[in-house]
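Both counts, for ligands and for their atoms, begin at 1 and track the order of listing.
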Amino acid sequence: MLAYPRIIAHRGGGALAPENTLAGMHIAQRMGCRGVEFDVALTADGVPILMHDETLERTTSGTGFVAKTTAAEIAKLDAGGKHHYAFAAEPARAEGSTLGVPTFQAALQTCTELGLWMNIEIKPTPGTEVETGHVVASIAAAHLASHPDAAIVCSSFSSAALQQTMHIAPTIPRALLIESIPAHWQSALDLCGAAALHTNAKNLDFSQLTAVCNSKISVACYTVNHRATADKLFAAGVRAIFTDRLDLWQPGEM
Ligand code: G3P
Ligand code: MG
């Protein structure tokens with residue numbers, strides 16, 4: 001079974017910070033959280049950065065498609081102000097946090113320095129599954145070679161992306177993301193050599209969930225923002241939950 005922290009900060013720092021930012025990771029660590037999840041996509045020039053959406057509007061000061069914007073253009077954007085003015089670029093810099101869109105490399109470095117377990121969600125633009133899996137796995141493997149204590153699990157909704165990571169960096173554990181667990185879950189996991197399954201807490205059949213949890217597969221559920229739901233999932237054998245609400249748990253419970 002893979003090692004998981006019980007509570008994983010969703011998109012960096014959950015709802016407490018701008019999503020997929022280094023500031024979020026700093027806040028998660030300060031809250032006592034031991035692990036974070038973040039999304040990785042490629043820019044137009046193939047640089048992996050932290051971004052959930054295919055477009056820039058919702059979370060940054062930019063506009064347009066991530067896959068059509070270069071890393072140099074994205075580096076000029078503010079990734080904090082849309083969340084709250086307190087996170088807009090200037091005060092954030094005074095705090096010592098970086099509120100630009102982080103590169104994947106910067107996220108690896110920050111999480112390692114903070115001692116945070118990482119779930120790298122590979123989020124390819126349609127058509128770039130193999131390339132994104134390849135780039136993420138290569139950089140993660142190089143990081144692990146120089147930081148052997150870094151704790152990494154790669155996940156994706158794309159089996160093709162995970163298959164690439166399996167070829168490039170076979171020792172990095174993989175988790176398949178699935179909106180709801182299919183009857184053929186074992187063969188879906190086998191296809192990409194995944195040792196874990198990450199699934200939506202809203203779509204669960206508890207008898208099936210218990211069967212998966214009783215196998216050698218680690219199960220983690222997203223996005224759980226109520227303690228009662230988390231407790232029910234843990235009782236069923238779920239190893240970890242992704243949450244936006246780190247404030248619901250005390251440091252020792254995470
Ligand atoms: O990796 C778990 C969760 O982050 C998947 O959903 O859309 O928030 O990336 P999403
Ligand atoms: Mg995600």
Side-chain angles (χ1 to χ4, degrees), residues 2 4-22 24-25 28 33-42 48-60 66-67 79 82-83 101-102 104 107-108 111 116-126 128-129 132-133 136-137 140 151-162 165 172-182 185 188-189 192 194-204 209 212 217-226 229-230 233-234 238-246 254:
L2 299 181
Y4 272 76
R6 276 163 63 84
I7 307 297
I8 303 168
H10 184 224
R11 303 186 194 173
L16 296 169
E19 70 180 47
N20 286 315
T21 59
L22 302 185
M25 291 158 191
C33 190
R34 295 184 292 128
V36 298
E37 179 262 3
F38 52 84
D39 307 292
V40 180
L42 296 184
I49 56 157
L50 269 55
M51 187 67 61
H52 178 274
D53 295 4
E54 285 185 33
T55 51
L56 295 160
E57 282 83 349
R58 183 177 62 84
T59 58
T60 78
V66 177
K82 284 269 172 82
H83 179 81
V101 175
F104 174 43
L108 284 170
C111 288
L116 289 169
W117 175 99
M118 287 170 254
N119 174 203
I120 301 162
E121 184 188 338
I122 306 167
K123 207 67 148 179
T125 300
T128 69
E129 290 82 1
T132 311
V136 168
I152 294 176
V153 171
C154 282
S155 68
S156 189
F157 287 104
S158 164
S159 181
L162 285 180
T165 71
I172 299 179
R174 293 168 297 283
L176 184 62
L177 270 159
I178 311 184
E179 264 299 309
S180 58
I181 305 174
W185 58 270
L189 291 167
C192 51
L197 191 156
H198 295 176
T199 193
N200 194 326
K202 289 195 179 127
N203 303 330
L204 293 170
L209 175 68
V212 184
I217 298 302
S218 300
V219 178
C221 292
Y222 60 89
T223 304
V224 179
N225 292 331
H226 298 280
T229 309
L233 293 168
F234 289 135
V238 167
R239 303 283 307 285
I241 56 114
F242 300 90
T243 188
D244 298 314
R245 292 290 310 276
L246 298 178
M254 295 201 260

In the protein, what heavy atom is nearest to atom 2 (C) of ligand 1, and what distance, to one decimal place, separates them? Glu37 OE2, 3.6 Å

Atom CD in Glu121, atom OH in Tyr222: separation rounded to 0.5 Å? 8.0 Å

How far is atom 9 (O) of ligand 1 from its nearest protein heavy atom, and which residue and atom name does that atom have? Lys123 NZ, 2.7 Å

Give a yes or no answer on whether the side chain of Thr125 reaches the backbone of Thr128 with a donor-acceptor pair at less than 3.5 Å. no

Nearest-0.5 Å distance that lies between atom NE2 in His10 and atom CG in Asn119: 9.5 Å

Return the closest protein heavy atom for atom 5 (C) of ligand 1 as residue, atom name and distance. Glu121 OE1, 3.4 Å

Near Leu177 (heavy-atom distance under 4.0 Å), the atoms of ligand 1 are 1 (O), 2 (C)

Is Tyr222 close to ligand 1, meaning an N/O of one under 3.5 Å from an N/O of the other? no

Can you spot which of His83, Arg58, Lys82 makes a side chain to side chain donor-acceptor pair (under 3.5 Å) with Glu19? Arg58

Do side-chain atoms of Glu37 reach the backbone of Arg11 as a donor and acceptor pair under 3.5 angstrom? yes

OE2 (Glu37) to the Mg ion (ligand 2) to OD1 (Asp39), nearest 10°, is 110°

For atom 8 (O) of ligand 1, what's the nearest protein heavy atom and its distance? His10 NE2, 2.7 Å

Quick one: does His198 get a heavy atom under 4.0 Å from ligand 1? no

Atom CD of Glu179 and atom NZ of Lys202: how far apart are they, to the nearest 0.5 Å? 9.0 Å

Starting from atom 7 (O) of ligand 1, locate the nearest protein heavy atom and write down its residue, its atom name and how far away it is, to 0.1 Å. His52 NE2, 2.7 Å

Can an N or O of Thr223 be found at a distance shorter than 3.5 Å from an N or O of ligand 1? no

Kindly give the atom name of the N, O or S atom of Glu121 closest to the Mg ion (ligand 2). OE1

Kindly say whether Cys192 contributes a backbone atom to a donor-acceptor pair with the side chain of Arg174 at under 3.5 angstrom? yes

Go through ligand 1 atom by atom and flag the ones less than 4.0 Å from a non-hydrogen atom of Arg11. 7 (O), 8 (O), 10 (P)

Quick one: CG on Leu204 to OG1 on Thr229, what's the gap to the nearest 0.5 Å? 10.5 Å

